[in-house]
Each structure stands twice: as structure tokens, then as C-alpha cells.
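Everything on this sheet refers to the single structure shown next.
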Amino acid sequence: MDPTLKAMLDRGREVLAEQPFSVLLGAEVAAFSPGYAELRVAVRDEMRQQHGFVHGGVVSYLADNALTYAGGSVLKVAVVTSEFKINYVRPAIGNALVARATVVHAGKNQAVCRCDVYSVDDGGERLCAAAQGTIVRLGESKEADHER
């Protein structure tokens, strides 16, 4: 792996480890490069709702965080989500979720990103949600690769 991309992935993992809610869910950064982020969560029973599907809040969290990672990777300062929309297209059933986010457009102060969330099981991946959001600068950061 390219040393610059490895350093970026390592830093992305450090940032995720600093987020107590991400740690609670067991989220991990699977891939991270300029304009792209992939986050994963292993599904546990306590993440399910009464019908046995993964709760929409978990799906939404994963989309939101992946969007923010993707946007932060190109804005290169600390960022937050300004807004996002999510469409749940089918129940999230499986043993893991994976969110893949890309930057659609980036300016100086904000990035518009999109994300697909898949449920994963032995049969492969199935799209369960699609999201789009706007990621904005939180402020200047001493570390150019610091995302939140």
C-alpha cells in the first residue's frame, strides 16, 4: 500500500477510535483515501429492532460517519455534517453493514457526498440504504488530515 494512503487510513482509524459512539458500535474504517471512505459494523443482536432488522439509527449512523469521512478527506480540516438525507430501500438483514461514501463535489468550505449502505451476509451484499449529505468545515485544523 502507498505510504501516504496507509498514513491516511491509520489516521482515519485513530479518529474513529476517539469517537465513543463509534467504539460502542464496534465500527471500523475499512478503506480511506481522498474522496472515498468505507466503514463497517459487525451486527450484534442489540442493534436490531423488534422485527429483527438492524435498527435504522445504526444504518443512519454508518451513512453519516462515512459521508463525513469522505468529505473530510478532501476538505482536509476538521469537519461536521451540515445535513444529510437517507432513503432506506430494504431492511438491513445480515451479519455486518458496510457503508461506502464518495465525494460528488467539493469546494473550499463544503463537500457534497453520497453513500450506499449494504447489509452483508454469506450470500453477498444487498443495498439497504442510500444517503447524500453536505459536509462542512468545523474550523482550521493543525493537522491537515484530521476528520471528525
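Sequential numbering from 1 along the given sequence is applied to the chain's residues. Because only heavy atoms are used, hydrogens play no part in the values below, and waters and symmetry mates are left out as well, while side chains stay in.
The hydrophobic clustering, which links ILVMFWY residues whose side-chain heavy atoms are closer than 4.5 Å, places V79 and L9 together. Side-chain heavy atoms closer than 4.5 Å link hydrophobic residues (I, L, V, M, F, W, Y) into clusters, and following such links, even through other members, never connects V120 to V58.
The side-chain heavy atoms of D122 and N95, taken from C-beta on, include a pair separated by under 4.5 Å. Counting heavy atoms from C-beta on, the side chains of L24 and Q19 never come closer than 4.5 Å. Side-chain contact between E28 and L39 is absent, with no heavy atoms from C-beta onward closer than 4.5 Å. Between H55 and S60, the closest side-chain pair of non-hydrogen atoms is not below 4.5 Å.
The distance from the OG atom of S119 to the CG atom of L97 is 6.5 Å, given to the nearest 0.5 Å. Interatomic distance, OH of Y118 versus CG of L127, reported as 5.5 Å (0.5 Å rounding). C115 SG to I86 CD1: the interatomic distance, rounded to the nearest 0.5 Å, is 7.5 Å. The line from CZ of F84 to SG of C113 is 12.5 Å long, rounded to the nearest 0.5 Å. Here the CG atom belonging to L67 is positioned 5.5 Å from the CD1 atom belonging to I135, to the nearest 0.5 angstrom.
A salt bridge links K6 and D10; the closest N-O separation between the charged side-chain nitrogens and carboxylate oxygens is under 4.0 Å.
In this structure, R126 places its CZ atom where only 12 or fewer heavy-atom neighbours from other residues, nucleotides or ligands lie under 6.0 Å away.
Summarising the geometry of S22 relative to L16, their closest heavy-atom pair is OG-CD1, 3.4 Å, with the distance given to 0.1 Å. Taking all atoms of both residues into account, the shortest heavy-atom contact from C128 to P91 is CB-O, 4.2 Å.
Side chains of N65 and Y69: a donor-acceptor N/O pair is absent below 3.5 angstrom, by distance only. No side-chain N or O of Q110 forms a donor-acceptor pair with one of T134 less than 3.5 Å apart.
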Practice task
Show the numbers, then the answer: is there a side chain to side chain contact (heavy atoms under 4.5 Å, CB included) between F32 and S73?
Solution key: CA-CA 8 Å; F32 190 40; S73 75; 3.7 Å; yes
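Between the R44 side chain and the L25 main chain, a donor and an acceptor come within less than 3.5 Å of each other. A side-chain donor-acceptor contact under 3.5 Å links R13 to the backbone of V29.
Applying the salt bridge (charged side-chain N to carboxylate O under 4.0 Å, His left out) test to residues at least two apart or on different chains, the pairs with a partner in residues 85-109 are E38-R100, R100-E125. Among residue pairs with one or both ends in residues 54-69, none qualify as salt bridge (charged side-chain N to carboxylate O under 4.0 Å, His left out); sequence neighbours excluded.
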